[in-house]
Novice: 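Please find one structure pasted underneath; my questions will follow.
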Amino acid sequence: MTPLEIFVAGQWRLGGGEPMVSTFPADGSLNGTLHAASLEDLDDAVNGADRAWRDPAWRQMLPHQRGRILQRVADLIEQQVDDLACQQSRDNGKPLQESRGLVMSAAGTARYFASACELLEGEITTPRQPGVMTLSRYEPIGVVAAITPWNSPIASEMQKIAPAIAAGNAVIVKPAEATPLMALVLARLFEQAGLPAGLLSVLPGKGAIIGDALARHPLVRKISFTGGTRTGRYLAHVAAEKLIPASLELGGKSPTIVLDDADLDQAAHGICYGIFSSAGQACIAGSRLFVHRSCYQPLVEKLVALTRGLRLGHPLEAGTHIGPLITPEHRESVRRYVAMAREEGGEILCGGQVPTTGELARGNWFEPTIIAGLTNKARVCQEEIFGPVLVVMPFDDEQHLVAEANDSVYGLAAGIWTTRSDRALMLADQLEVGTVWINTYKQFSVSTPFGGFKESGLGREKGIQGLKAWMQQKSVYLALGNPVNRWCE
Ligand code: ADP
């Protein structure tokens, strides 16, 4: 298999680092081989980026012209949705239908920021001092780093590249070790769409080597990271040391709450999707379920029945709900958490096993699992598992419920199921999370900011704010009427 080339400052070349592979989590077959970026590749990418964003042709390019490049990328994505979805599914094992959604969302993100950069306005700040006009303008930051995880590559990469480019920066992407392919595919599309050379580079490689060196590079002026809280905390230190902004989308242990007046059928379906889609490999997965005791039994019965009906299968086959987990090591970590839950006294209501027959035995599948009989203090309720594991707990009063739901180092998202929106809104006020879904879950809009409270992150992506996060403000004072400051007389 010919090794894939990486994209360094507008040039396709073999990476100078150690060999890497991308494998299909369904059967371990090879998607591609490549060489990681070396530190020399990194230097070339950063230096090329620094030249590219300073180039007057780019600095002076009007927003609608930058937007046109993003629109072309979106067109190219939409022309090949099925092919891209298939590549995305091979890269990380997600069912095709989910990958299709991610591909479409990447196109939508490119279109949104193409338009948003045209709408961005500076401000004349008030109150004006007499004789002075004060302006506040938004300018690009320069060379920025985007470090991304493996669970939704095309969408999470576009979520960083599109606003970074719309804002006038040069961006260097370090994709996750397990999924280096989609960022390279995106780089080809940006090149085809006419993005000037150097404004986008893609440097696959190990986080601790190439990701670390990228974040520390003196010319890199912002770090945007999505991934685990441990790495996020580390990168926050790197950013603090350099005094540069860091935007961090980190882990979660999101509570889902079913109130006594909920529509149980609607709730059960939504909860099932919220935890088990993407085989639970989502930072926003609704992994802790609190159900009012009055409806606990029927809701849990419905949920178990729906979960037992989920189809584990090949990611590329229509009708598959649950694909394989990303790697055998990750599957082993999920299995250990379920064993730990058993040791802590948990009762496995369904799932809990590694499938050992048929094609499922060839990949990294794990059965969707529901655990009862534990309290929120259990390790499986406090630690992010990032797999298809749900813990269900009854509650009696709302005061206690709020304390339990907030008893987590994380604060990414929450779900509320109730037929009374006033109750939902009052409850939403009390939850320490960045996103609350009411009678829905995992719903996204690119114009709505996303990010975490507490250890789930810092900063927000998406929306106009998300574009401004890739810019810095400059204030300009203009004296009116040529006054002379006679201080020195
Ligand atoms: P996960 O546990 O979900 O894989 P990680 O936080 O380990 O999340 O990885 C997310 C991204 O961060 C990946 O691209 C990974 O290579 C990168 N990464 C990991 N460690 C570091 C590091 N020390 N410096 C920079 N990037 C890193």
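Keep in mind that this is a model prediction, so the values were computed, not measured. Whatever order the structure lists ligands and atoms in, that order sets their numbers, starting from 1.
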Novice: Give me the atom names and distance for the closest heavy-atom approach of C381 to V391.
Specialist: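 Shortest heavy-atom separation between C381 and V391 comes out as SG-CG1, 3.6 Å.
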
Novice: Carefully, step by step, assess R233 and E455 under the rule salt bridge (charged side-chain N to carboxylate O under 4.0 Å, His left out).
Specialist: CA-CA 9 Å; R233 196 188 307 277; E455 293 188 19; 2.9 Å; yes

Novice: So, T440 versus Q443: side-chain donor-acceptor pair below 3.5 Å or not?
Specialist: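 T440 vs Q443: donor-acceptor pair found between side chains.
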
Novice: What is the closest protein heavy atom to atom 26 (N) of ligand 1, and at what distance does it sit?
Specialist: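 Answer for atom 26 (N) of ligand 1: G207 O, 3.5 Å.
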
Novice: Looking only at heavy atoms, is any part of A215 under 4.0 Å from ligand 1, and if so is it the side chain, the backbone, or both, or is it neither?
Specialist: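 Neither part.
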
Novice: Is there any N or O on T226 that sits under 3.5 Å from an N or O of ligand 1?
Specialist: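 No; the residue has no nitrogen or oxygen that sits under 3.5 Å from a nitrogen or oxygen of the ligand.
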
Novice: To the nearest 0.1 Å, how far is atom 15 (C) of ligand 1 from its closest protein heavy atom, and which atom is that?
Specialist: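 Heavy-atom neighbour on the protein nearest atom 15 (C) of ligand 1: E177 OE1, 3.5 Å.
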
Novice: Answer with side chain, backbone, both or neither: which part of R230 has a heavy atom less than 4.0 angstrom from an atom of ligand 1?
Specialist: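 No part of R230 comes within reach of ligand 1.
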
Novice: Give the atoms of ligand 1, by number and element, whose distance to some non-hydrogen atom of G211 is under 4.0 Å.
Specialist: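 The list of qualifying atoms is 24 (N), 25 (C), 26 (N).
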
Novice: Run the numbers for me: atoms of ligand 1, each under 4.0 Å from some heavy atom of L235, listed by number.
Specialist: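 Answer for ligand 1: 24 (N), 25 (C).
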
Novice: Should the pair K454 and Y410 be classed as cation-pi, given the thresholds of under 6.0 Å to the six-membered ring centre and 45° from the axis?
Specialist: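 Judged by the rule (NZ or CZ under 6.0 Å from the ring centre, within 45° of its axis), K454 is not positioned above Y410.
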
Novice: Is any heavy atom of the protein nearer than 4.0 Å to atom 24 (N) of ligand 1?
Specialist: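 True for atom 24 (N) of ligand 1.
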
Novice: Taking the six-membered ring of W470, is the NZ or CZ of K222 close enough (under 6.0 Å from the centre) and on axis enough (within 45°)?
Specialist: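 Yes, a cation-pi geometry.
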
Novice: Tell me, which protein residue and heavy-atom name are nearest atom 17 (C) of ligand 1, and how many Å apart are they?
Specialist: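 Nearest protein contact, heavy atoms only, for atom 17 (C) of ligand 1 is I147 CG2, 3.6 Å.
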
Novice: Enumerate the atoms of ligand 1 whose separation from the nearest heavy atom of P175 is less than 4.0 angstrom.
Specialist: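 The atoms of ligand 1 under 4.0 Å from a heavy atom of P175 are 14 (O).
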
Novice: Looking at T148, which atoms of ligand 1 are within less than 4.0 Å of one of its heavy atoms?
Specialist: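 Answer for ligand 1: 11 (C), 13 (C), 14 (O).
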
Novice: Using non-hydrogen atoms of the residue, decide whether G232 is closer than 4.0 angstrom to ligand 1.
Specialist: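 The answer is no: ligand 1 sits nowhere under 4.0 Å from a heavy atom of G232.
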
Novice: Any atoms of ligand 1 less than 4.0 Å from a non-hydrogen atom of G228? List them with their elements.
Specialist: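 Every atom of ligand 1 under 4.0 Å from some heavy atom of G228: 5 (P), 6 (O), 8 (O).
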
Novice: Looking at every heavy atom in both P175 and E157, which two are closest together, and how far apart are they?
Specialist: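 Of all heavy-atom pairs spanning P175 and E157, the closest is CB-OE2, 3.6 Å.
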
Novice: Heavy atoms only: give me the nearest T307-P368 pair and the separation to one decimal.
Specialist: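 The pair with the smallest heavy-atom distance is CG2-CB, 3.7 Å.
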
Novice: Could you check which of F225, Y234, F386, W150 puts a non-hydrogen atom nearest to atom 1 (P) of ligand 1?
Specialist: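 Of the listed residues, W150 has the closest heavy atom.
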
Novice: Find all atoms of ligand 1 within a distance of less than 4.0 Å from any non-hydrogen atom belonging to A176, and give their numbers and elements.
Specialist: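 By the 4.0 Å cutoff, the relevant atoms are 13 (C), 14 (O).
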
Novice: Does R90 make a cation-pi contact with F24 (under 6.0 Å, within 45 degrees of the axis)?
Specialist: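 The answer is yes; both the distance and angle limits are met.
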
Novice: Could you check if a side-chain atom of L431 sits within less than 4.5 angstrom of a side-chain atom of I257, using non-hydrogen atoms only?
Specialist: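 Sidechains of I257 and L431: in contact.
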
Novice: Give the atoms of ligand 1, by number and element, whose distance to some non-hydrogen atom of D212 is under 4.0 Å.
Specialist: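 It comes down to these atoms of ligand 1: 24 (N), 25 (C).
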
Novice: Quick check with a 6.0 Å cut-off and a 45 degree axis cone: is R51 positioned over the face of W58's six-membered ring?
Specialist: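 Output no; distance or angle outside limits.
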
Novice: Please report the closest heavy-atom contact between P388 and L325, naming both atoms and the distance.
Specialist: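 Shortest heavy-atom contact: CD-CD2, 4.0 Å.
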
Novice: Return the residue, atom name and 0.1 Å-rounded distance of the protein heavy atom closest to atom 5 (P) of ligand 1.
Specialist: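 Closest protein heavy atom to atom 5 (P) of ligand 1: T231 OG1, 3.7 Å.
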
